[in-house]
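Data block below; observations after.
These numbers were taken from a predicted model, which means no experiment stands behind them. Below, each value reflects all heavy atoms present in this structure, side chains not excepted, and no hydrogens, waters or symmetry copies. In what follows, chains carry the letters A, B, and so on, assigned in the order in which the sequence lines appear, proteins first and then strands, with residues in each chain numbered from 1.
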Number of protein chains: 2
Amino acid sequence: MGMLEQAEGASHRPAPVHTHPDEVPLLTALSALADPVRIQLVRELAKHPAWALSCSNFDVPVGRAAKSHHFAILRSAGLVEQRDQGPKRLNRLRREEFDARFPGLLDLTLRADETE
Amino acid sequence: MGMLEQAEGASHRPAPVHTHPDEVPLLTALSALADPVRIQLVRELAKHPAWALSCSNFDVPVGRAAKSHHFAILRSAGLVEQRDQGPKRLNRLRREEFDARFPGLLDLTLRADETE
DNA sequence: ACCAGTGTTCGACAGTCATCGTACAGTGCT
DNA sequence: AGCACTGTACGATGACTGTCGAACACTGGT
């Protein structure tokens, strides 16, 4: 069985739980971005094309457990979408959708911050 | 004894410490707004003209001590300016200055939030 | 079938934060 | 002088949160 199957691969892994930005309260969005590690994740994510990076590709000064935790928060805030491909979990920044819900907030986060 | 007298009548009270929005890191601004009580304070402040409200005029479900703490955080985030008048401490939302530093963030906070 | 790589979950821990009650300090008024 | 009002400072407390280590689960290749 070595066929190029992408639709029904009998994935025995629970799909990541997502929340659409439209269903995210403002407080949740602000809390998600009010963390240095998560800001770094979002910024690095924005520097690459969608689905280009898996979780392990991010260079943040925390272990895998904490990294997984941060991605869960970013998902529940409607900031990141994840898709499983093989053993990896590819990420995509939800630019348009999030910007439609919270106009300017993502641009603000991505912009170079002189006063840091 | 005092020779360092202020111009206006000898205020023996320490003036509130302010931080200009230009000197506020993004993380500090987001953290300041990532709190339900402070969001409420900012919104209520925006509904009245500048210097119209003293701290005790705000109807938030916390005691005076916590309220004072929240105002200190809002000051240090460049969101609120305070001025003493008599026993009261009048407040003003730093709309223009904060919006120049973090464009759109204040509008985002003040806008009615359907998904709450 | 084993194994290396990837990511999640669990328990535990330390640090931070929001809150309270109380005490304290100014201000203005009588 | 007192007194009422306003706001801050302090200490304590409970809750939340970011972090880790270890165990676990899944995938794909050897």
Side-chain angles (χ1 to χ4, degrees), chain A residues 1-6 8-18 27-28 30-41 45 51-77 80-92, chain B residues 2 6 8-18 27-28 30-41 45 51-77 80-92:
Chain A
M1 20 185 103
M3 316 190 72
L4 289 136
E5 307 207 8
Q6 66 207 17
E8 297 298 324
S11 177
H12 296 162
R13 182 163 34 162
V17 180
H18 289 107
L27 183 59
T28 303
L30 292 175
S31 301
L33 290 173
D35 179 281
V37 174
R38 291 194 287 269
I39 289 184
Q40 193 174 338
L41 289 176
L45 200 46
W51 311 120
L53 296 178
S54 72
C55 299
S56 60
N57 292 127
F58 292 82
D59 188 24
V60 284
V62 294
R64 313 151 232 112
K67 209 187 287 189
S68 178
H69 173 237
H70 286 303
F71 272 109
I73 292 184
L74 291 177
R75 276 200 320 262
S76 71
V80 166
E81 186 180 5
Q82 292 186 315
R83 180 225 277 174
D84 288 343
Q85 174 175 328
K88 307 199 167 184
R89 184 157 281 192
L90 303 183
N91 300 277
R92 169 192 157 252
Chain B
Q6 265 79 355
E8 302 299 322
S11 174
H12 297 175
R13 181 162 34 161
V17 181
H18 289 106
L27 184 58
T28 303
L30 292 175
S31 301
L33 291 172
D35 179 280
V37 174
R38 291 194 287 267
I39 289 184
Q40 193 174 339
L41 289 176
L45 200 46
W51 311 120
L53 296 177
S54 72
C55 299
S56 61
N57 291 128
F58 293 83
D59 186 25
V60 284
V62 294
R64 313 156 231 110
K67 210 188 287 190
S68 177
H69 174 238
H70 286 303
F71 272 109
I73 292 185
L74 291 178
R75 278 200 318 264
S76 71
V80 166
E81 188 181 3
Q82 292 186 316
R83 172 210 290 175
D84 287 343
Q85 174 174 327
K88 307 198 169 185
R89 185 156 279 192
L90 303 183
N91 300 277
R92 168 191 158 252

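- Looking at which nucleotide of DNA chain D each of A:P87 and A:I73 is closest to, the 5′-most match is held by A:I73.
- The CG atom of A:N57 sits 13 Å away from the C1' atom of C:dG7 (whole-angstrom rounding).
- The nearest whole Å value for the distance from the CD atom in A:Q85 to the P atom in C:dG5 is 19 Å.
- Rounded to an integer number of Å, the gap from A:F71 CZ to C:dT8 C1' is 13 Å.
- B:C55 contributes atom SG, which lies 10.5 Å from atom NZ of B:K88 (distance to the nearest 0.5 angstrom).
- Computed from coordinates, the A:N91 CG to C:dT6 P distance equals 14 Å when rounded to whole Å.
- Base contact: A:R64 has a heavy atom under 4.0 Å from a base atom.
- For A:L53 and C:dT6, the CG to P distance is 13 Å, given to the nearest whole Å.
- Here the OG1 atom belonging to B:T28 is positioned 11.0 Å from the CG atom belonging to B:L33, to the nearest 0.5 angstrom.
- For the pair B:L30 CG and D:dT17 C1', the computed distance is 17 Å after rounding to whole Å.
- Just one of B:Q85, B:R83, B:Q82 meets the side chain to side chain contact (heavy atoms under 4.5 Å, CB included) condition when paired with B:W51; it is B:R83.
- Looking at heavy-atom distances under 4.0 Å, B:D84 makes no contact with the nucleic acid at all.
- Per the geometry, NZ belonging to B:K88 stands 9 Å off C1' belonging to D:dC5, to the nearest Å.
- When rounded to the nearest whole Å, the span between NE2 of B:H70 and P of C:dC17 equals 12 Å.
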Exercise. Begin with the C-alpha distance, continue with both residues' side-chain angles, and end with the deciding distance and a verdict on side-chain hydrogen bond (donor to acceptor under 3.5 Å, both in side chains) for A:R38 and A:H70.
Key: CA-CA 6 Å; A:R38 291 194 287 269; A:H70 286 303; 3.0 Å; yes
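- Contact annotation: B:S56 side-chain N/O to D:dG7 OP1/OP2 distance is under 4.0 Å.
- For B:A34 and A:Q82, each mapped to the nucleotide of DNA chain C holding its nearest heavy atom, the one lying further toward the 5' end belongs to A:Q82.
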